[in-house]
Amino acid sequence: MIPTKEEWYRALADRHGEAFQKRAEHATVAICGLGGLGSNISICLARAGVGKLILIDFDRVDISNLHRQQYKANQLGLPKTEALAANLKEIAPYIELELHTIRITEDNIGELLKDADLICEAFDNPECKAMLVNTVLEKFPEKYLLSGSGMAGMDSVNRIQTRRVTKRFYLCGDGVSDVKECGTLVSSRVMTCAAHEAHMVIRILAGEPEP
């Protein structure tokens, strides 16, 4: 039996504290890219009680995604936005979701991200990462931006860290590993980097902006 919205909120507030939960409930976080990073970030934030997530990805669920991304075998072929939304609603039934099954470009990024308080960059492609980071820093200097860099290979997860680059820009990862050089992505390391991004969002909402 699904709890009422009031019961759901109370359970979270009892665990996280009333002050944090109120801020989380009224926060909007954009997740740009719903692969290994973005799908795991979304799960963490939904469980934390973030009120609204903006989910952005143009891709569909593929069998090659299942070893590290938060999708199911019966969701193969579905748009990642729709598949992830269904999974998130099972976890957090009262979360508000805004879906954009579209590729982010310099032309549409302003409209897609204008309502977000915090933005999580979660792309695989280095050029797309650079475009999003540079555009957000230029167009939305008032918003918090979190980005991932370096989570490939079998190296220790202890090398993955969160670094504060500027007042509102954070970089998570080991800053070194690249999938083209390492040749592999494993769920445990990708999820660790995603957890760093998600936890930094949670710390910011809690009024603790230092990594």
Side-chain angles (χ1 to χ4, degrees), residues 12 15-17 19-57 68-70 84 88 91-92 95 97 104 109 112-113 115-124 126 128-130 132-152 155-177 185 187-211:
L12 290 170
R15 180 62 66 178
H16 299 148
F20 167 79
Q21 211 57 55
K22 283 184 178 178
R23 287 193 289 267
E25 184 181 39
H26 292 97
T28 297
V29 182
I31 314 294
C32 305
L34 304 179
L37 272 182
S39 63
N40 282 291
I41 292 168
S42 301
I43 295 289
C44 290
L45 296 182
R47 291 193 186 280
V50 169
K52 179 178 179 180
L53 297 181
I54 301 172
L55 306 178
I56 309 169
D57 199 305
R68 71 188 189 283
Q69 301 180 17
Q70 289 292 337
L84 186 58
L88 291 172
I91 293 168
I95 192 170
L97 300 172
I104 298 180
I109 192 171
L112 291 172
L113 301 181
D115 294 330
D117 303 307
L118 303 98
I119 299 165
C120 291
E121 177 279 313
F123 291 143
D124 296 329
C128 293
K129 282 179 178 287
L132 187 140
V133 168
N134 291 334
T135 304
V136 169
L137 291 176
E138 179 184 346
K139 290 189 174 183
F140 299 116
E142 77 285 359
K143 297 183 187 294
Y144 284 97
L145 172 63
L146 300 99
S147 181
S149 177
M151 66 212 75
D155 203 356
S156 172
V157 295
N158 294 329
R159 298 185 184 278
I160 293 176
Q161 299 179 341
T162 300
R163 182 165 56 93
R164 193 177 190 179
V165 181
T166 65
K167 184 178 180 180
R168 295 178 183 267
F169 175 38
Y170 300 80
L171 196 58
C172 306
D174 63 22
V176 177
S177 62
L185 285 166
S187 62
S188 49
R189 211 158 191 271
V190 174
M191 290 173 73
T192 299
C193 189
H196 269 258
E197 279 199 51
H199 191 62
M200 198 62 242
V201 169
I202 291 168
R203 282 183 56 77
I204 292 167
L205 292 176
E208 301 287 346
E210 290 300 324

For a quick test of reading the model, state the closest non-hydrogen atom pair linking [X] to [Y] and the distance between them.
X	Y	answer
Ala122	Ile41	CB-CD1, 4.5 Å
Cys172	Thr162	SG-OG1, 3.6 Å
Val29	Cys120	CG1-SG, 4.1 Å
Ser147	Val133	OG-CG2, 3.9 Å
Pro209	Gly207	CD-O, 3.4 Å
Lys167	Tyr170	O-OH, 3.9 Å

Donor-acceptor check, side chain of [X] to backbone of [Y], threshold 3.5 angstrom: yes or no?
X	Y	value
Asn40	Ala194	no
Arg189	Ala152	yes
Glu121	Phe123	yes
Arg168	Glu142	yes

Legend entry - Flag if over 12 foreign heavy atoms under 6.0 Å of CZ, Arg159: no
Inset, instruction - Verify the neighbour count for atom CG of Asp124: are there more than 12 heavy atoms of other residues, nucleotides or ligands below 6.0 Å? - result: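 Atom CG in Asp124 is not packed in, count stays at 12 or less.
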Rounded at 0.5 Å granularity, tell me how far [atom1] in [X] sits from [atom2] in [Y].
X	Y	atom1	atom2	answer
Leu132	Leu137	CG	CG	9.0 Å
Ile202	Glu197	CD1	CD	12.0 Å
Arg23	Glu25	CZ	CD	13.0 Å
Leu185	Met151	CG	CE	8.0 Å
Thr135	Ile109	OG1	CD1	4.5 Å
Leu37	Gln69	CG	CD	9.5 Å

Inset, instruction - Take Gln70 and Met191, measure what side chain to side chain contact (heavy atoms under 4.5 Å, CB included) needs, and give me the verdict at the end. - result: CA-CA 10 Å; Gln70 289 292 337; Met191 290 173 73; 4.1 Å; yes
Inset, instruction - Apply side chain to side chain contact (heavy atoms under 4.5 Å, CB included) to Ile56 and Ile54, showing your working. - result: CA-CA 6 Å; Ile56 309 169; Ile54 301 172; 3.9 Å; yes
Legend entry - Side chain proximity check, Ile104 to Cys128, heavy atoms < 4.5 angstrom: no
Inset, instruction - Check whether any side-chain heavy atom of Arg163 lies under 4.5 Å from a side-chain heavy atom of Pro211, and answer yes or no. - result: no
Could you tabulate the donor-acceptor pairs under 3.5 Å formed by side-chain atoms of residues 42-53, not counting sequence neighbours?
| residue | atom | partner | partner atom | Å |
| --- | --- | --- | --- | --- |
| Ser42 | OG | Gly38 | O | 2.8 |
| Lys52 | NZ | Glu98 | OE1 | 3.0 |

Inset, instruction - List the steps, then state whether side chain to side chain contact (heavy atoms under 4.5 Å, CB included) holds for Leu118 with Leu205. - result: CA-CA 9 Å; Leu118 303 98; Leu205 292 176; 3.9 Å; yes
Legend entry - Residue of the set Leu112, Leu113, Val136, Leu145 for which side chain to side chain contact (heavy atoms under 4.5 Å, CB included) holds with Cys32: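 One option only clears the test, and that one is Leu113.
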